[in-house]
Amino acid sequence: MQMPMALAGVSSHAGLSLGRSQRGESAEALSPCRLRASGGGAVLLGPWLLRAVLLLPAGHPRLQPGPAAAALWFGALHRDWLRGHGIDAICHEGPVVPHWACFAGRSPGEVLVDGRKLTGVSQTWRRDRVQLWSGTLLSPVPWSMLCQELNRRAEHAQVLAATTTTVQACLGHAPNAARWAAELAAHLREAAARDATCAASMQGPRARPRLGPPVEAPMADGPIRHEELFS
């Protein structure tokens with residue numbers, strides 16, 4: 001089986017990622033502005049957002065139960081990693097709550113602290129691979145920038161600030177983004193490889209993955225290119 005691959009990093013400047021249904025909503029003041037092939041809410045990219053992607057071959061054992069279980073597993077990896085840093089995180093296990101802004105919505109596997117969203121997770125399924133994506137808020141986000149870009153009222157920025165939290169708010173100090181990115185990528189890669197190795201050592205037929213339609217991803221689909229994801 002092909003080994004899992006993980007990348008993590010932060011953007012050096014602000015950008016925007018929109019869901020498919022949000023075509024034409026942006027004022028196009030932010031660059032880059034990416035339109036995803038899948039749906040979902042808007043994501044404000046920037047140095048405040050630690051993004052990660054885990055690429056798994058379609059035969060990986062954690063994919064066999066389907067997208068819902070994969071999302072919960074992926075979210076749990078982030079939850080446990082954040083707990084290791086002293087953050088009392090939990091995973092959302094309730095229904096999907098859609099919103100025009102990604103971080104105001106909720107979906108299974110996403111990470112919350114005191115009911116406020118810290119990490120969003122999503123996934124894109126293809127015939128030969130699955131990409132699991134995440135975004136973790138490291139530091140205060142200029143939500144007014146997102147609202148202005150999408151022509152939303154100023155009150156929406158207040159709602160976003162009230163329904164989200166950041167690593168900085170949880171710990172009382174700003175994290176080292178580069179160190180956290182390297183650590184998260186290693187954590188995801190090692191956990192996925194460990195699960196694949198454990199499954200391979202067990203006897204018995206391997207179930208076929210339940211491949212469904214693409215689901216929400218917080219950035220453009222396609223091959224993983226580090227310079228595009230984290231520039």
Side-chain angles (χ1 to χ4, degrees), residues 1-11 17 38 43 45 47-87 89-93 102-103 107-113 117-126 128-138 166-167 170-171 175-200 209 214-231:
M1 178 184 296
Q2 179 186 357
M3 293 303 293
M5 181 173 68
L7 293 173
V10 298
S11 299
S17 177
S38 55
V43 178
L45 313 176
W48 46 81
L49 181 67
L50 171 58
R51 293 181 286 163
V53 57
L54 176 62
L55 175 64
L56 300 176
H60 192 279
R62 285 296 184 175
L63 303 177
Q64 309 314 310
L72 289 171
W73 169 72
F74 189 56
L77 292 181
H78 287 74
R79 176 202 63 201
D80 295 345
W81 175 68
L82 289 164
R83 285 180 176 177
H85 283 279
I87 297 175
I90 64 169
C91 284
H92 176 70
E93 297 183 1
C102 172
F103 273 89
S107 65
E110 296 190 314
V111 180
L112 311 177
V113 177
K117 189 168 176 178
L118 176 61
T119 300
V121 302
S122 56
Q123 49 192 306
T124 304
W125 288 59
R126 296 289 182 258
D128 62 340
R129 73 188 192 277
V130 172
Q131 294 171 356
L132 302 175
W133 309 88
S134 71
T136 299
L137 299 178
L138 295 179
T166 68
V167 170
C170 292
L171 298 182
N176 183 310
R179 181 172 62 82
W180 276 56
E183 184 182 311
L184 177 57
H187 173 72
L188 297 176
R189 184 170 54 250
E190 291 166 5
R194 181 176 61 248
D195 284 4
T197 300
C198 291
V215 291
E216 159 66 3
M219 57 196 82
D221 298 332
I224 298 175
R225 297 179 60 185
H226 192 281
E227 65 274 16
E228 289 186 357
L229 297 186
F230 311 120
S231 59

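In this chain, numbering begins with 1 at the start of the sequence shown.
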Indicate yes or no: at least one non-hydrogen side-chain atom of Leu171 is less than 4.5 angstrom from one of Ile87.
-> yes
Search all heavy atoms of Ala69 against all heavy atoms of Pro65 and return the closest pair with its distance.
-> CB-CB, 3.6 Å
Glu183 side chain reached by His85 side chain, heavy atoms, under 4.5 Å | yes
Side chain His187, main chain Leu77, donor-acceptor under 3.5 Å | yes
Minimal heavy-atom distance between Gln123 and Ala70, with the atoms involved, is OE1-CB, 3.9 Å
Taking all non-hydrogen atoms of both residues into account, name the closest pair between Gly109 and Cys91 and its distance.
-> O-SG, 3.9 Å
Test Leu137 against Leu49 for side-chain contact (heavy atoms from CB on, under 4.5 Å), laying out the working first.
-> CA-CA 5 Å; Leu137 299 178; Leu49 181 67; 3.8 Å; yes
side-chain contact (heavy atoms from CB on, under 4.5 Å) between Leu56 and Phe74, worked out = CA-CA 11 Å; Leu56 300 176; Phe74 189 56; over 6 Å; no
Decide whether Ser134 and His78 meet the rule of one side-chain donor and one side-chain acceptor closer than 3.5 Å.
-> yes
The residue among Leu82, Ile90, Leu138 that forms side-chain contact (heavy atoms from CB on, under 4.5 Å) with Leu118 is Leu82
Please name the pair of heavy atoms, one in Ala6 and one in Leu188, separated by the smallest distance, quoted to 0.1 Å.
-> CB-CB, 4.2 Å
Using ring pair (Phe, Tyr, Trp, His ring centres under 6.0 Å) as the criterion, list what pairs up with Trp48, not counting sequence neighbours.
-> none
Rounded to the nearest 0.5 Å, what's the gap from CD on Gln131 to CE on Met5? Could you check?
-> 8.5 Å
Identify the two heavy atoms, one from Leu72 and one from His92, that lie closest to each other, and give their separation to 0.1 Å.
-> CD2-O, 3.9 Å
Euclidean distance, Thr136 OG1 relative to Glu110 CD, rounded to 0.5 Å = 10.5 Å
When rounded to the nearest 0.5 angstrom, what distance separates CG in Leu7 from CZ in Arg189?
-> 8.5 Å
Compare every heavy atom of Pro4 with every heavy atom of Leu54, then report the nearest pair and how far apart it is.
-> CD1-CB, 4.2 Å
Going through the checks in order, is the side-chain contact (heavy atoms from CB on, under 4.5 Å) test met by Trp125 and Leu63?
-> CA-CA 10 Å; Trp125 288 59; Leu63 303 177; 3.9 Å; yes
Can you check whether Trp180 reaches Val10 side chain to side chain, under 4.5 Å on heavy atoms?
-> no
